[in-house]
There are 2 protein chains.
Amino acid sequence: MITNHLLLLQKKGFRMTQARSSILNLLENTDHPLTATSIHKILKRIGVSTNITTIYRELEFLLEQKIIEKIPLFDTELHYEISGRTHHHHLMCTSCGSIQNIVLQSEKGLLEEMHNISTYDIRRHSLAFFGTCPDCT
Amino acid sequence: MITNHLLLLQKKGFRMTQARSSILNLLENTDHPLTATSIHKILKRIGVSTNITTIYRELEFLLEQKIIEKIPLFDTELHYEISGRTHHHHLMCTSCGSIQNIVLQSEKGLLEEMHNISTYDIRRHSLAFFGTCPDCT
DNA sequence: ATATTAATGCAAATTAGTTGCATTATAACA
DNA sequence: TGTTATAATGCAACTAATTTGCATTAATAT
Ligand SMILES: [Mn+2]
Ligand SMILES: [Mn+2]
Ligand SMILES: [Zn+2]
Ligand SMILES: [Zn+2]
C-alpha cells in the first residue's frame with residue numbers, strides 16, 4: 001500500500017522499498033507503539049524478511065523525517081509510533097506487555113504548572129503508566 | 001557514616017561493607033538521581049575503588065530492599081535515587097544532562113482522571129520533562 | 001581464632017543498538 | 001530498454017549498559 005508518507009518521501013528523493021513501505025504501513029495501522037524487534041517479527045510472519053539492522057536504520061530515518069516518534073517505556077526496549085496523532089500517553093501492562101493509548105484532559109494544568117515553576121526551556125515530556133490489565137488480573 | 005538504612009540492613013543479616021555504605025551514603029546525600037557509572041566515577045574520585053559490577057549488584061540489591069528506586073529518563077542510562085522522599089518528578093537538561101527535582105501540585109487531578117478512565121490496576125507512573133537549563137541557553 | 005556465607009573482582013556473556021563496507025536495487029534519464 | 005548514480009541493504013564487527021558464573025575475599029556470629 002502506498003501511503004501519503006511514502007509519497008512525501010519519494011518527492012523528497014528517497015526511494016520506495018519493501019522495507020520502508022512495510023514498516024511504515026505497519027506503524028500506520030497499529031494503534032500502540034512497537035519495538036524494532038516486534039516490527040522485525042511481525043514482518044517476518046507476513047513474509048517480509050528484512051534484516052534487523054535495516055529496521056533500526058529505517059526507524060532512525062523515519063525519526064529524522066519526523067514521521068515517527070520514539071516512545072521510551074520505563075526500562076524496556078524503545079518503542080516507536082507514527083507521529084501526528086492526538087497527543088496521548090501510554091499505559092502498559094507489566095504482566096503481558098500490552099500497551100494502551102491514553103488521552104488525558106487534565107494534562108493541560110500540569111503543563112501550565114510546570115512552565116510556571118521552571119526556568120528551563122521545556123521542549124518535551126514523557127509520561128507513562130504501568131499496572132495490570134483486566135486480562136492479567 | 002552509618003545511616004538508618006545501613007543499620008536496618010544489618011539487622012536483616014546483611015553486611016556493612018565499604019561499597020554498600022559509600023553507595024548508600026552517596027545516594028542519601030545527593031538530591032538528583034545518579035547512574036551506575038556516575039556513582040562509580042564519584043566513588044573512585046573520593047578514593048573508593050569499587051568494581052562496576054559490584055555497583056550494579058549493590059544497586060540491584062538496594063532496589064530489592066526498596067531503599068532506592070529506578071528512574072528511567074528517556075533513552076539515557078538508568079538513574080537511581082533514594083526512595084521515600086516527597087513524590088516528585090524530574091526535569092533534565094538535554095544539553096548538559098543536569099537533573100532537577102520537580103514537585104507538581106496539579107498532578108493529583110491527572111492521577112484521578114487516569115484512574116477514572118482506565119480499567120487497569122495502575123501501580124506506578126513515570127513522568128519526566130526535557131529541555132534546556134538557564135545555563136545552557 | 002574459626003567457620004559460615006555475604007560480598008567482591010574479573011572475565012565472559014547478553015541485550016539493544018550502531019557502524020563499516022561491500023553489494024544490491026530503485027528510479028532518473030539517455 | 002539499457003545505463004548510471006546513489007539510496008538502501010545485509011552481514012559482520014563493534015559499542016555501551018548490564019548481567020552472570022565462578023573462584024576468592026572478607027564481615028560477622030560463635
Ligand atoms: Mn503529555
Ligand atoms: Mn507522579
Ligand atoms: Zn496484561
Ligand atoms: Zn544544561
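Each chain gets a letter, A, B and so on, in the order its sequence line appears, and its residues count up from 1. These numbers were taken from a predicted model, which means no experiment stands behind them.
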*asked:* Strictly distance-based, threshold 3.5 Å: is any side-chain N or O of B:Asn101 a donor or acceptor partner for the main-chain N or O of B:Asp31?
replied: yes

*Examine distances only and state if a side-chain atom of B:Glu113 and a backbone atom of A:Gln105 form a donor-acceptor pair shorter than 3.5 Å.*
yes

_Under 3.5 Å donor-acceptor pair, A:Arg15 side-chain atoms to D:dT6 base atoms_ = yes

*For A:Ile39 and C:dA16, what is the distance between atoms CD1 and P respectively, to the nearest whole Å?*
14 Å

*Which sits closer to the 5' end of DNA chain C, B:Gly13 or B:Thr50, going by the nucleotide each is nearest to?*
B:Gly13

*Which of these nucleotides, C:dG17, D:dT9, D:dA17, is closest to any side-chain atom of B:Glu77?*
D:dA17

_Gap between atoms NE2 and C1', on A:His40 and C:dT15 respectively (whole Å)_ = 15 Å

*asked:* Looking at A:His79 and A:Glu77, would you say the former's side chain and the latter's main chain have a donor-acceptor pair under 3.5 Å?
replied: yes

_For C:dG17 and A:Tyr56 - does any side-chain N or O of the residue sit under 4.0 Å from the phosphate oxygens OP1/OP2?_
yes

*asked:* Whole angstroms only, please: what is the CG-P distance between B:Asn51 and D:dA26?
replied: 14 Å

*Is A:Thr76 touching bases, backbone alone, or none of the nucleic acid, heavy atoms closer than 4.0 Å?*
nothing

*Classify the angle between the aromatic ring planes of B:His89 and B:His125 as parallel (below 30°), tilted (30 to 60°) or perpendicular (above 60°).*
tilted

*With nearest nucleotides of DNA chain D determined for B:Phe14 and B:Glu60 from heavy-atom distances, which residue corresponds to the more 5′ nucleotide?*
B:Glu60

*Roughly how many Å is it from CG in B:Leu6 to C1' in D:dT28, rounded to a whole number?*
14 Å

*Please test A:Phe74 against A:Phe130 for ring-ring contact (aromatic ring centres under 6.0 Å, His included), starting from the C-alpha separation and ending with a verdict.*
CA-CA 9 Å; A:Phe74 212 69; A:Phe130 304 90; 5.3 Å; yes

*Which whole-number value in Å describes the distance from B:Leu9 CG to D:dA27 C1'?*
14 Å

_Under 3.5 Å: donor-acceptor pair, side chain of A:Arg20, backbone of A:Arg15_ = yes

_Donor/acceptor link under 3.5 angstrom from B:Arg57 side chain onto base of C:dG9_ = yes

*C:dA27 C1' sits how many Å from A:Leu7 CG, rounded?*
15 Å

*Taking CD from A:Glu64 and C1' from D:dA8, how many angstroms apart are they, rounded to a whole number?*
14 Å

*To the nearest Å, how far apart are A:Ile52 CD1 and D:dA13 P?*
19 Å

*Go through residues 16-26 of chain B and report each residue with a non-hydrogen atom lying under 4.0 Å from DNA chain C, sorted by number.*
B:Thr17, B:Ala19, B:Arg20

*In terms of the angle between their ring planes, are A:Phe14 and A:Phe61 parallel, tilted or perpendicular, with boundaries placed at 30° and 60°?*
perpendicular

